[in-house]
Amino acid sequence: MAAVPGRLSGKVAVITGAGSGIGLATARRFAAEGARVVCADVDEASGTAAAAEVDGTFIRVDVTDEEQVRSLFAQAVETYGGLDVAFNNAGISPPDDDSILTTGLDAWRRVQEVNLTSVYLCCKFAIEQMLAHGGGSIINTASFVAVLGSATSQISYTASKGGVLAMSRELGVQFAREGIRVNALCPGPVNTPLLKELFAKDPERAARRLVHVPMGRFGEAEEIAAAVAFLASDDSSFITASTFLVDGGISGAYVTPLP
């Protein structure tokens, strides 16, 4: 998991949801590999701290607001002279998103806006900038739930991540010959503050998930960041429109090993 010094040297990267979890781990990894990082987050305190840590730039953004997202990518180009990488990572998983029988329309719409519409907006404006600057790599955070079903449903979250996966595949195909790669990162359960908060409220839900991980543990944010750095780099130059699973083997498992 050690950073590859200089692998992202000279590249300009925008990360949404950079203030915590996978976004923060990726900001650190990108900076360690030489990238200039724009840390975007709705939380000013955590976003500012992340940018300061990686000697980057913080931009506060509501990723569901079209003009704010347009401005985010325009400011990144204005500040650093180009755009090479967009890690569209911001997302939510609120407790009122549950079974289809209990999830209300307001909860459904809120999750779709943050998890799917925001990725649409970020891709739209990142691609516009990348077309003008010679290409780039877009990594969209989907999830392993986009390829598997779960009886402990979070219906809007699952649907939103399926949408991110399908959209990423289509964009990867559409813009391949313009030098823009688009991949869907599909993490398994990751040991982030969001996951800890969710599972602290429902330990049974955590236990029901953990039993399906062949490796016997949840992932770490740094492990996901390593995969993002690979997809951002020229080492993945022939990878686009992919379902890039980093899930500890969950999606390949029928029966898992005994403890």
For R217, what residues pass the salt bridge (charged side-chain N to carboxylate O under 4.0 Å, His left out) criterion, not counting sequence neighbours? E223

V38 vs I59 side-chain heavy atoms within contact, under 4.5 Å: yes

Residue pairs passing the salt bridge (Lys or Arg N to Asp or Glu O under 4.0 Å) test where at least one lies in residues 114-141, sequence neighbours excluded: none

By the definition side chain to side chain contact (heavy atoms under 4.5 Å, CB included), identify the one residue from L245, V164, L148 that meets it with C186. L245

Should V14 and I127 be regarded as members of a common hydrophobic cluster, given that ILVMFWY residues are connected when their side-chain heavy atoms come within less than 4.5 Å of each other, either directly or indirectly? yes

Could you name each residue pair satisfying salt bridge (Lys or Arg N to Asp or Glu O under 4.0 Å) that touches residues 80-97, not counting sequence neighbours? D96-R110

According to side-chain contact (heavy atoms from CB on, under 4.5 Å), who are the partners of A18, at least two apart in sequence or on a separate chain? I15, C39

Is D234 reaching over with its side chain to a backbone N or O of S237, donor-acceptor style, under 3.5 angstrom? no

Identify, with sequence neighbours excluded, every residue that meets salt bridge (charged side-chain N to carboxylate O under 4.0 Å, His left out) alongside E220. none

Check the pair I22, F87 against side-chain contact (heavy atoms from CB on, under 4.5 Å), reporting the backbone distance first and the verdict last. CA-CA 10 Å; I22 293 169; F87 180 35; 3.9 Å; yes

Would T158 and S150 count as a side-chain contact (heavy atoms from CB on, under 4.5 Å) here? Give the steps. CA-CA 9 Å; T158 298; S150 173; 5.9 Å; no

Check whether any side-chain heavy atom of I239 sits under 4.5 Å from a side-chain heavy atom of F230, and report yes or no. yes

Could you tell me which non-hydrogen atom of G188 sits nearest to which non-hydrogen atom of F144, and how far apart they are? CA-CD2, 3.3 Å

Can you tell me how far OG of S71 sits from CZ of F73, rounded to the nearest 0.5 angstrom? 11.0 Å

Looking only at non-hydrogen atoms, find the nearest pair between I180 and T240 and report the distance. O-OG1, 4.3 Å

Between L24 and A50 the two heavy atoms that sit nearest each other are CD1-CB, 3.7 Å

Exactly one of L8, V12, V54, T79 clears side chain to side chain contact (heavy atoms under 4.5 Å, CB included) with R36, and that residue is V12

Treating Ile, Leu, Val, Met, Phe, Trp and Tyr as nodes and any side-chain heavy-atom pair under 4.5 angstrom as an edge, say whether M215 and V145 lie in one connected cluster. yes

Using atom types as modelled and distance alone, determine if a side-chain donor or acceptor of N115 lies under 3.5 Å from a backbone N or O of S160. no

Transitive ILVMFWY cluster of I155 at side-chain heavy atoms under 4.5 Å: who else is in it? I100, L101, L105, W108

Roughly how far apart are F175 CZ and M130 CE, rounded to 0.5 Å? 11.5 Å

Looking at Y120, I'd like to know if its OH atom is crowded, meaning that more than 12 non-hydrogen atoms belonging to other residues, nucleotides or ligands lie closer than 6.0 Å. no

Could you go through V228 and L185, starting from their C-alpha distance and side-chain angles, then the distance that decides it, and tell me whether this counts as side-chain contact (heavy atoms from CB on, under 4.5 Å)? CA-CA 8 Å; V228 182; L185 178 76; 3.5 Å; yes

Which heavy atom of A232 sits nearest to which heavy atom of V85, and what is that distance? CB-CG1, 3.7 Å

Looking at V211, is its backbone amide N or carbonyl O close enough to the side chain of T256 to form a donor-acceptor pair, meaning the two atoms are under 3.5 Å apart? yes

Are V182 and L165 co-members of a hydrophobic cluster defined by side-chain heavy atoms under 4.5 Å apart? no

According to side chain to side chain donor-acceptor pair (under 3.5 Å), who are the partners of T243, at least two apart in sequence or on a separate chain? none

Identify the two heavy atoms, one from A221 and one from V190, that lie closest to each other, and give their separation to 0.1 Å. N-CG1, 3.6 Å

Could you list all the salt bridge (Lys or Arg N to Asp or Glu O under 4.0 Å) pairs where at least one residue sits in residues 43-55, not counting sequence neighbours? R28-E53

Intermediate values then yes/no, side-chain contact (heavy atoms from CB on, under 4.5 Å), L116 and M167: CA-CA 9 Å; L116 180 56; M167 179 168 57; 4.0 Å; yes

Heavy-atom closest contact (V114 atom, G91 atom, distance): CG1-CA, 3.9 Å

Here's a test for you: under side chain to side chain donor-acceptor pair (under 3.5 Å), which of N88, T26, N89 qualifies with T141? N89

With hydrophobic residues grouped by side-chain heavy-atom distances under 4.5 Å, do F30 and I224 end up in a single group? yes

If you measure from the Lys or Arg side-chain nitrogens to the Asp or Glu carboxylate oxygens, is any gap between D41 and R60 under 4.0 Å? no

Answer yes if L83 and L72 sit in the same cluster of Ile, Leu, Val, Met, Phe, Trp and Tyr residues linked by side chain heavy atoms under 4.5 Å apart, and no otherwise. yes

To the nearest 0.5 Å, tell me how far I92 CD1 sits from T64 OG1. 9.5 Å

What residues, two or more places apart in sequence or in another chain, satisfy side chain to side chain donor-acceptor pair (under 3.5 Å) together with T57? Y80

Just how far is it from atom OG of S156 to atom CG of D106, taken to the nearest 0.5 Å? 11.5 Å

Contacts of E78 that satisfy side-chain contact (heavy atoms from CB on, under 4.5 Å) - sequence neighbours left out: none

Can you tell me how far apart OG (S143) and CG (D247) are? Round to the nearest 0.5 Å. 9.0 Å

Residues pairing under salt bridge (Lys or Arg N to Asp or Glu O under 4.0 Å) where one sits in residues 161-189, two or more places apart or in two chains, turn out to be none

Any salt bridge linking E113 with R109? Criterion: basic side-chain nitrogen under 4.0 Å from a carboxylate oxygen. no

I'd like to check I139 versus S137 (side-chain heavy atoms, cut-off strictly below 4.5 Å). Are they in contact? yes

Do S236 side-chain atoms and L231 backbone N/O form a donor-acceptor pair below 3.5 Å? yes

Intermediate values then yes/no, side-chain hydrogen bond (donor to acceptor under 3.5 Å, both in side chains), D98 and T103: CA-CA 6 Å; D98 203 271; T103 301; 5.8 Å; no

Any residue meeting salt bridge (charged side-chain N to carboxylate O under 4.0 Å, His left out) with R29, in chain and number order, not counting sequence neighbours: E33

Could you tell me the separation between the OG atom of S118 and the CD atom of E66, rounded to the nearest 0.5 Å? 13.0 Å

